[in-house]
Amino acid sequence: SQTIHQWPATLVQPVGSPLSLECTVEGTSNPNLYWYRQAAGRGLQLLFYSVGIGQISSEVPQNLSASRPQDRQFILSSKKLLLSDSGFYLCAWSVAGYNEQFFGPGTRLTVL
Amino acid sequence: AQSVTQLGSHVSVSEGALVLLRCNYSSSVPPYLFWYVQYPNQGLQLLLKYTSAATLVKGINGFEAEFKKSETSFHLTKPSAHMSDAAEYFCAVSAYSGGGADGLTFGKGTHLIIQP
């Protein structure tokens, strides 16, 4: 069966510090991968998606970037965090060609 | 482009009462529709999905939803609420069968509160 992992589960970082959040999927090959940010009362905002290694599409301009160095690994990064980067970050995957998405447990990021 | 509107950011019902969470969508083509549930500090879990096979869709935990094209709605219901149903519920729509940026558009969510 397929599983999706995210780490760390929680993170507290100072403004201006770098960020690296990791997401890995097991039990499937060539998945579509997604990064979402969830802020209170605002639902889920799609940040990035990837349909293959090295292929990243950004949905909104922001202080963040994403990379996919391996087929089942998706990384969310920032060089300098802003207060507004605080939130709950969710990684998701879908089978290529299908739109049902499966979510990871999330990372709670607090920028102070 | 597609969009989702969830009416009511908070819904409160008594334990044992009917649960009704409203979702209206906008899509230029026949949509695929989903309901997800999120428990505190967890990821989203798929409750059910509509993919044009049947208008009444049954999901996990006793939930079901009915697709009504004339009303562009996909409301989520459960006959009898349980304390464990307290969570955030998200409706999502897709106009395409494939993934990518057009995969899913989410509503802002409805927080379901169960009163003992």
Side-chain angles (χ1 to χ4, degrees), chain A residues 2-11 21 23 25 28 30-52 55-60 66 68 74 87-110, chain B residues 1-11 21 23-25 27 29-53 57 59-60 74 87-111:
Chain A
Q2 301 88 5
T3 56
I4 178 169
H5 304 279
Q6 287 186 244
W7 64 90
T10 60
L11 190 60
L21 303 182
C23 170
V25 181
T28 188
N30 194 32
N32 289 342
L33 295 172
Y34 309 84
W35 276 113
Y36 289 89
R37 177 168 56 204
Q38 185 177 22
R42 297 184 62 183
L44 279 76
Q45 180 186 31
L46 179 62
L47 302 175
F48 301 95
Y49 74 94
S50 171
V51 298
Q55 300 178 62
I56 309 295
S57 295
S58 174
E59 285 300 291
V60 292
R68 185 171 177 174
F74 205 23
F88 193 51
Y89 288 82
L90 288 159
C91 181
W93 73 274
S94 68
V95 175
Y98 293 86
N99 52 16
E100 180 178 338
Q101 293 183 18
F102 303 93
F103 285 80
T107 295
R108 175 76 59 190
L109 172 65
T110 303
Chain B
Q2 59 268 16
S3 65
V4 173
T5 301
Q6 290 185 239
L7 299 177
S9 59
H10 292 76
V11 170
L21 304 183
C23 172
N24 289 89
Y25 69 90
S27 177
V29 298
Y32 296 82
L33 294 158
F34 304 81
W35 275 101
Y36 283 84
V37 61
Q38 183 182 33
Y39 298 101
N41 293 311
Q42 295 186 24
L44 276 68
Q45 178 183 5
L46 181 68
L47 273 179
L48 50 80
K49 60 182 178 181
Y50 167 75
T51 56
S52 76
V57 182
I60 62 172
F74 191 56
E88 191 85 14
Y89 291 80
F90 292 94
C91 182
V93 63
S94 173
Y96 301 91
S97 61
D102 294 312
L104 291 176
T105 299
F106 285 87
K108 292 188 176 182
T110 296
H111 185 62

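Per chain, numbering begins at 1; letters A, B, ... match sequence-line order.
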Who wins among A:Phe48, A:Phe88, A:Phe102 for the most heavy-atom pairs under 4.5 Å with chain B?
A:Phe88
Is there a side-chain contact (heavy atoms from CB on, under 4.5 Å) between B:Phe34 and A:Gln101? Walk through the geometry before answering.
CA-CA 10 Å; B:Phe34 304 81; A:Gln101 293 183 18; over 6 Å; no
How many angstroms lie between atom CZ of B:Phe106 and atom CD of A:Gln45, to the nearest 0.5 angstrom?
13.0 Å
With rounding to the nearest 0.5 angstrom, report the CG to OH distance, B:Leu104 to A:Tyr34.
7.0 Å
Nearest atoms (heavy-atom pairs only) where A:Gln38 meets B:Phe90
NE2-CZ, 3.1 Å
Please classify the contact between B:Gln6 and chain A as side chain, backbone, both or neither, with a heavy-atom cut-off of under 4.5 Å.
neither
Quick one: closest heavy-atom pair of B:Gln42 and A:Leu90, and the distance?
O-CD2, 4.5 Å
Ranking A:Pro105, A:Ser50, A:Cys91, A:Gly104 by heavy-atom pairs under 4.5 Å to chain B gives rank one to A:Pro105
With only heavy atoms counted, which part of B:Leu44 is less than 4.5 Å from chain A, the side chain, the backbone, both or neither?
both
Identify which part of A:Tyr36 has an atom lying under 4.5 Å from any heavy atom of chain B, answering side chain, backbone, both or neither.
side chain
What is the distance from atom CD of B:Gln38 to atom CG of A:Leu44, rounded to the nearest 0.5 Å?
7.0 Å
